Amino acid sequence: MMYNGGKIITGLIIFALIITAPFWLNIGQADEPPEISLDTPVINQLSEKECIESAEFMRSQHPQLLNDWRDQVVREGKTVYTSSSGKEYQISLDNTCLQCHSNRSEFCDACHAYTSVDPYCWDCHGGGIAK
Amino acid sequence: MKIWAPLLAVLALVIIAWLGAGVFEWTSLFGIIIPYTAFAILVLGFIYRVIKWAQSPVPFRIPTTCGQQESLPWIKQDKIENPSKTWEVVGRMALEILFFRSLFRNTQTEKREDKLGFGSSKWLWLGSLVFHWSMLIIVLRHLRYFLYPVPAFVQGLEKLDGFLQVGVPVLYLTDVFVVLGITYLFLRRVVIPQVKYISLAADYFPLFLLLGIATSGILMRYGLKVDIASVKDFAMSLVTFKPQVIPEIGTIFYVHLFLVSSLVAYFPWSKLMHAGGIFMSPTRNLANNSRAVRHINPWNYEVKTHTYEEYEDEFREKMRKVGLPLERE
């Protein structure tokens with residue numbers, strides 16, 4: 001026996017709808033995850049296709065790396081990055097990263113849009129490349 | 001004991017997840033089976049508890065009021081403190097749920113020499129508000145893992161939350177505030193002797209669990225780092241019922257997920273049900289219309305009556321013979 005059943009059941013239906021929203025909102029709506037493209041002229045010419053660090057490292061750590069780079073260049077005047085394999089790279093988003101990854105919309109922006117990340121790097125950098 | 005047992009329980013949960021997902025690599029158990037089960041427990045348990053509460057009768061109006069009730073037209077009614085219409089109750093409930101209005105009136109008694117002093121005490125209100133609002137924003141922010149394309153309001157919320165643009169990934173203000181809120185709520189339980197005396201293990205456990213969830217999340221975002229695109233792949237696979245674990249996600253992710261699963265599974269059976277209970281509080285959700293509407297107790301038994309009309313029908317002939325006046329011939 002329920003008292004005020006009508007109101008309470010309405011409330012419970014609203015609760016259930018809200019809490020299960022991620023399930024039913026995705027029905028027929030969810031887009032396919034983006035394809036990350038490495039197809040750029042510079043990368044295609046590379047004999048050995050490797051980034052400055054391993055792909056696993058870059059996937060999870062690149063924001064931190066870029067943040068450290070900014071501090072090193074702007075605050076310490078250090079402009080050369082020595083990777084874990086001992087190679088040296090110029091510390092520059094525009095001249096190092098985007099030199100190879102010149103397809104910003106298929107590379108950077110694809111994942112950023114997927115995970116809803118809007119880095120403010122682009123407020124100044126990456127201007128030379130079409131979005 | 002009341003503090004140490006729940007702390008050890010939360011640490012045990014962390015170790016279980018660390019060993020289970022990290023060392024033994026039972027990723028389908030910790031990534032799929034436990035989260036789905038925990039979520040089902042949350043939804044069904046919540047509904048079960050509310051329906052169980054709904055079986056308690058509330059025969060009469062018992063709102064707690066502290067304002068002028070509806071009276072003669074020239075006496076001003078306090079519509080929020082003493083609502084008499086449904087929409088006034090809605091306003092009162094909304095202010096209570098969104099801004100903890102009754103907690104705002106929290107007072108403190110203090111003995112100063114031989115006198116008793118009463119004063120306003122807003123810290124608990126502020127601490128609770130900081131914690132709950134941060135929690136809400138954090139939960140809504142997490143929708144970015146479960147929806148694709150990500151709705152604009154979630155993106156806006158993230159922008160607002162990280163508007164200080166400290167570091168990359170940007171620091172979320174709610175990450176700071178939620179830890180401050182939980183820390184305050186914990187400290188008041190151990191620092192204030194009266195509150196410490198009445199605090200139970202069931203009060204500390206959710207605090208430690210929430211702190212564990214916040215810490216693991218913060219550690220994952222700012223410290224240990226995980227591949228966020230894989231996390232989203234995994235989250236999307238859960239909500240589209242095509243569950244698929246991604247083995248490369250770091251163990252810290254499974255610790256976070258397991259603690260969240262523990263929290264949601266614990267939710268319906270604990271004090272955390274105040275989230276549903278607030279809506280079911282008769283002292284708050286009833287309009288004070290006792291003088292305008294007659295409320296009849298629903299379990300009143302049928303009272304046998306014998307009206308005058310029935311009496312007359314029964315004795316009409318006898319009454320007529322002795323010449324008594326009749327209502328109806």
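This one's a predicted model, so the numbers in the text were calculated from it and none came from an experiment. Proteins come first, then strands; the chains are lettered A, B, ... in the order of their sequence lines, and each starts at number 1.
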>> Which atoms of B:I228 are under 4.5 Å from chain A, going by heavy atoms: the side chain, the backbone, both sets, or neither?
In response: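 For B:I228, the contact with chain A is made by backbone and side chain together.
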> What part of B:S230 gets closer than 4.5 Å to chain A, counting heavy atoms only: side chain, backbone, both or neither?
Replying inline: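 Interface part for B:S230: neither.
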>> Is there a side chain to side chain contact (heavy atoms under 4.5 Å, CB included) between B:I51 and A:I8? Walk through the geometry before answering.
In response: CA-CA 8 Å; B:I51 287 180; A:I8 290 166; 5.5 Å; no
> Any idea which of B:K232, B:K52, B:M280 has the most non-hydrogen atom pairs under 4.5 angstrom with chain A?
Replying inline: B:K232
> For chain A, which of B:V43, B:L238, B:D233, B:V231 has the most heavy-atom pairs under 4.5 Å?
Replying inline: B:D233
>> For chain B, which candidate among A:S116, A:S60, A:C121 shows the most heavy-atom pairs at distances under 4.5 Å?
In response: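 Heavy-atom pairs under 4.5 Å are most numerous for A:S116.
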> Does a side-chain heavy-atom distance below 4.5 Å link A:T20 with B:F39?
Replying inline: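 The answer is yes; the side chains approach within 4.5 Å.
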> Just by modelled atom types, is the B:D227 backbone N or O under 3.5 Å from a matching donor or acceptor in the A:R59 side chain?
Replying inline: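 A pair under 3.5 Å: no.
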> Just by distance, do the side chain of A:N26 and the backbone of B:L147 share a donor-acceptor pair under 3.5 Å?
Replying inline: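 Not confirmed, A:N26 side chain does not pair with B:L147 backbone.
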Count the heavy atoms of every other residue, nucleotide or ligand shown that sit under 6.0 Å from [atom1] of [X], and state whether that count exceeds 12.
| X | atom1 | value |
| --- | --- | --- |
| A:Q90 | CD | yes |
| A:K49 | NZ | yes |
| B:Q55 | CD | yes |
| A:Y89 | OH | yes |
| B:K271 | NZ | yes |

> Would you say the ring centroid of A:F23 lies under 6.0 angstrom from that of B:F241?
Replying inline: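 Between B:F241 and A:F23, which both carry aromatic rings, the centre distance is below 6.0 Å.
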> How far does NE2 of A:H62 sit from NZ of B:K225, to the nearest 0.5 angstrom?
Replying inline: 9.5 Å
> OG1 of A:T115 to CZ of B:R144: how many Å apart, nearest 0.5 Å?
Replying inline: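 Between atom OG1 of A:T115 and atom CZ of B:R144 there are 6.0 Å.
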>> In terms of relative ring orientation, are B:Y148 and A:Y114 parallel, tilted or perpendicular, with 30° and 60° separating the classes?
In response: perpendicular
> Going through the checks in order, is the side chain to side chain contact (heavy atoms under 4.5 Å, CB included) test met by B:V168 and A:L66?
Replying inline: CA-CA 8 Å; B:V168 179; A:L66 288 170; 5.7 Å; no
> Would A:I19 and B:F46 satisfy side chain to side chain contact (heavy atoms under 4.5 Å, CB included), going step by step from the backbone distance to the final call?
Replying inline: CA-CA 11 Å; A:I19 203 163; B:F46 196 104; over 6 Å; no
> Where do A:D118 and B:Q155 land on the side chain to side chain contact (heavy atoms under 4.5 Å, CB included) test, with the steps shown first?
Replying inline: CA-CA 9 Å; A:D118 185 13; B:Q155 291 177 342; over 6 Å; no
> If every non-hydrogen atom of A:Q64 is compared with every non-hydrogen atom of B:Y222, which pair is closest and at what distance?
Replying inline: OE1-O, 4.1 Å
> If you take all heavy atoms of A:Y120 and B:G167, which pair is closest and at what distance?
Replying inline: OH-O, 3.4 Å
